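The structure appears right after this line, and notes come after that.
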There are 2 protein chains.
Amino acid sequence: MDDHSRPKRNRPPSMYDVARLAGVSQTTVSFVVNNVTSAAISQETRDRVWAAIHALGWRPNAMARSLRTRHSQTLGLISDEVVTSPYAVRMILGAQEAAWSGQQMLLVVNTSGQRDIEQTALQFMLERRVEGLMYAAMYHHEVTPPPELKLVPVVLVNCFVADRSLPAIIPDEVQGGYTATAALIRRGHRRIAFINEIIPMPALFGRLEGYRQALADHGLPFDPSLVRSCHSNAHDAFAAALSLLERDDRPTALFCFNDKMAMGAYDAIKRLGLRIPQDVAVIGFDNLELIAAQLYPPLTTVELPHYEMGRRAVELLQNLPAGESLPPMQHYLPCPLIERESI
Amino acid sequence: MDDHSRPKRNRPPSMYDVARLAGVSQTTVSFVVNNVTSAAISQETRDRVWAAIHALGWRPNAMARSLRTRHSQTLGLISDEVVTSPYAVRMILGAQEAAWSGQQMLLVVNTSGQRDIEQTALQFMLERRVEGLMYAAMYHHEVTPPPELKLVPVVLVNCFVADRSLPAIIPDEVQGGYTATAALIRRGHRRIAFINEIIPMPALFGRLEGYRQALADHGLPFDPSLVRSCHSNAHDAFAAALSLLERDDRPTALFCFNDKMAMGAYDAIKRLGLRIPQDVAVIGFDNLELIAAQLYPPLTTVELPHYEMGRRAVELLQNLPAGESLPPMQHYLPCPLIERESI
DNA sequence: CTTTAAGACTAAAACGAATTACTAATTCGA
DNA sequence: TCGAATTAGTAATTCGTTTTAGTCTTAAAG
């Protein structure tokens, strides 16, 4: 044979190599591999092709395929800190598993909040022709993403833009606050303190509103002196809890803005020789397994639905008619109650 | 003009579109974009080309480029549970940032330990022609990865194969145990208890060996009764700590297998009315910010170098001469001491 | 015996870049 | 003033697929 028939050495086999070995055309190999029904290929030939494929260890070249089909089978996730934060790794997981079941891969870039990284990350993803983009934030807040984001279907996760002009998936903070408070009320508590975050953010306002709504709905008065604000760490929450519990009419339950603060509250309660939940009930927020499950007694808390947000985001992008972009809907996901033993 | 000169609607512009607008050939556009020095293109023409690029909003198609250059600019990371575990999200971060600085993207798939997912994930990555693969485990242990892994340069992260035939990046458990123990000895402690993990794993043996070496090096006797084993959770560690501290000759320092267990130890110490670190010093392992920084007093601990492992893994893959695979070296990374206030 | 219709394939043209091998017009040196 | 060198660029091929539009047999129908 002449020159061109020798196998091109040291590169993965292509359909041509398979075709040559099977004694058919490359087109036929393609038809066999993709099970194209409109093409009539005899069973015999199919078998020969598959045999050749296995013999050579051929596997499709996704780049070539994507180039031709104009489908990259890829979604992108740009996050500020999500990946590092144990708060939200579940979001990545949810997104990845959903992408996975749609035969897509997830491209993840963490920007550490740096604008320039964000920009180049976005360029990278656009160059790779991602079929959809998620722009995610570590904690629920307002963002101003780069405008190029709109070149491709996009959904915000755990964040939103001021004018709500982009679709977003965010936790229902009000419902979360309501759920936590109502759970305590259901256990018979009437004096429920709330140790809230002090830095203004949607979670602060939302959970407070939920707290007030739950009280109102159950005919309980709202007592502003039962609401304390401090930075969301165990140490400051320790002090806040202490001051609340040293009052004569001490509350019988503590609703903490998050699990870290609940950790501080636990310390304060134990320090005062009180028992959880007999003397004081505690409920947290976030459901950080690491803390909530390790505390004694295990902490009842409200979960931020990170996994669900990641999953939903991908699903929205996947069910999109080709070429269109998502309507700017704001999807509020419920924060479920995770019952353990602290209330 | 005839038919083929009209722009192909509703798809991103290609180099041909740019070329047409700038009045040059596609080749010239390519030369300008890639700054090919061997080609002589006048400054005037370069400017025209760039102007056209900006006018059209052209950006390279990574799939086409990769197909031609046979470089996917992509690395893959297959992990069992790493992504979900707050233990090791830093590994992903380290890998991603290193990949990033090498102009590569990271493809991450979490298998949840399921063999079939692992298999398809691997196929996916091979189809995408990743230039290197990382196979990572949630906790340091022996693995048996699928054989196809060897079709591409690969490095194990936080795990190893029985015959050490694959390169691996793993934490130096012995050094970690030594570091923790030596830190306590340096603070004057002589009776140092060790609350160890009970399920056999490299960390258990390594840290114990480090503990013994440190004692020996400082002329201290090894007292088996000061070593307790239990499951690595706060609750069991609480009990273990309590039993150690209720002895007449109670130890003055507790080395805990990990931070979760240190959390239980804290509870035990506080329950007995003892102070940290004045009455009992505590040192942990893992450096889970979430726990270590929130505990009171903040926990001194030894860090598992997850970020560093991720980074190193990518660097090894990047510095590989084309076509070769990594020598099966086992890279032991040191576990640094993170000083806070508990010793 | 000729036409039609399956049946079983194949040739060739995309997809969007990178790259090699030219061409045409100047400029330079002797 | 002639050939060589330089400058400025282009045509054509390639990467590995998918897909459209055929081609060539053979069998059935009329």
Side-chain angles (χ1 to χ4, degrees), chain A residues 3-4 7-49 52-53 56-73 126-129 131, chain B residues 3-4 7-49 52-53 56-73 126-129 131:
Chain A
D3 228 36
H4 69 271
K8 293 151 186 174
R9 271 276 151 251
N10 92 355
R11 62 162 83 163
S14 74
M15 277 191 172
Y16 280 101
D17 300 319
V18 173
R20 191 178 314 129
L21 182 59
V24 298
S25 74
Q26 178 262 328
T27 306
T28 300
V29 177
S30 174
F31 286 159
V32 170
V33 167
N34 298 5
N35 247 306
V36 175
T37 48
S38 69
I41 310 285
S42 69
Q43 189 55 48
E44 239 183 331
T45 305
R46 286 175 194 281
D47 294 346
R48 271 213 324 288
V49 169
I53 287 176
L56 293 177
W58 173 88
R59 82 188 78 234
N61 179 320
M63 271 129 27
R65 194 210 295 272
S66 296
L67 177 59
R68 179 62 233 245
T69 61
R70 324 186 99 274
H71 288 304
S72 65
Q73 302 285 76
L126 291 173
E127 289 183 12
R128 289 180 187 240
R129 300 292 190 265
E131 313 202 51
Chain B
D3 228 37
H4 68 274
K8 295 153 187 172
R9 272 276 151 249
N10 92 355
R11 59 163 84 165
S14 76
M15 276 191 171
Y16 281 100
D17 301 319
V18 174
R20 191 177 315 129
L21 182 59
V24 298
S25 71
Q26 176 262 326
T27 307
T28 301
V29 177
S30 173
F31 286 159
V32 170
V33 167
N34 296 8
N35 245 307
V36 175
T37 49
S38 69
I41 311 284
S42 71
Q43 189 55 46
E44 239 182 330
T45 305
R46 284 176 195 280
D47 294 346
R48 269 210 328 286
V49 169
I53 287 176
L56 293 177
W58 174 86
R59 83 188 77 234
N61 179 319
M63 273 130 24
R65 195 212 295 273
S66 296
L67 175 59
R68 181 63 234 252
T69 60
R70 325 188 98 274
H71 288 305
S72 65
Q73 303 284 78
L126 291 173
E127 289 184 11
R128 291 183 184 237
R129 301 293 189 265
E131 313 203 52

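Bear in mind that the values here come from a model prediction, so they are computed numbers and not experimental data. Chain letters run A, B, ... following the sequence lines, proteins first and then strands; every chain starts at 1.
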Side-chain touch [X]/[Y], heavy atoms, less than 4.5 angstrom:
X	Y	result
B:R59	A:R129	yes
B:W58	B:V29	no
A:R46	A:N35	yes

Would you kindly give the [atom1]-to-[atom2] distance between [X] and [N], to the nearest whole Å?
X	N	atom1	atom2	answer
B:N61	C:dC15	CG	P	12 Å
A:D17	D:dT17	CG	C1'	13 Å
A:R48	C:dA8	CZ	P	13 Å
A:R128	C:dA17	CZ	C1'	15 Å
B:R46	D:dT7	CZ	P	13 Å
B:E127	D:dC15	CD	C1'	17 Å
A:R11	D:dT14	CZ	P	11 Å
B:L67	C:dA17	CG	C1'	8 Å

Among [options], which nucleotide has an atom closest to any side-chain atom of [X]?
X	options	value
B:F31	C:dA18, D:dG16, C:dT20	C:dT20
B:Y16	C:dA17, D:dT18, D:dG16	C:dA17
A:R65	C:dT19, D:dC15, D:dT17	D:dT17
B:R68	D:dT19, D:dG9, C:dT19	C:dT19

Check whether any side-chain N or O of [X] sits under 4.0 Å from OP1 or OP2 of [N], and answer yes or no.
X	N	result
B:S30	C:dA18	yes
A:N34	D:dT18	yes
A:W58	D:dG16	no
B:T28	D:dT10	yes
B:R70	D:dT14	no
B:S42	D:dG9	yes

message: Using a 4.0 Å heavy-atom cut-off, does A:R59 contact any base of the nucleic acid, only the sugar-phosphate backbone, or nothing at all?
response: sugar-phosphate
Going by modelled atom types, is there a donor-acceptor pair between the base of [N] and the side chain of [X] at under 3.5 Å?
X	N	value
A:T45	C:dA8	no
B:T27	C:dA18	no
B:Q26	C:dA18	yes
B:S25	D:dA11	no

message: Heavy-atom nearest nucleotide on DNA chain D for B:R129 versus B:V24: which residue maps closer to 5'?
response: B:V24
- line: Residues A:R128 and A:S72: closest non-hydrogen pair is O-CB, 3.6 Å
message: Looking at B:E44, I want to see if its CD is surrounded by more than 12 non-hydrogen atoms of other residues, nucleotides or ligands under 6.0 Å.
response: no
- prompt: Between A:S25 and A:T28, does a side chain to side chain donor-acceptor pair (under 3.5 Å) hold up when you go through it step by step?
  reply: CA-CA 5 Å; A:S25 74; A:T28 300; 3.1 Å; yes
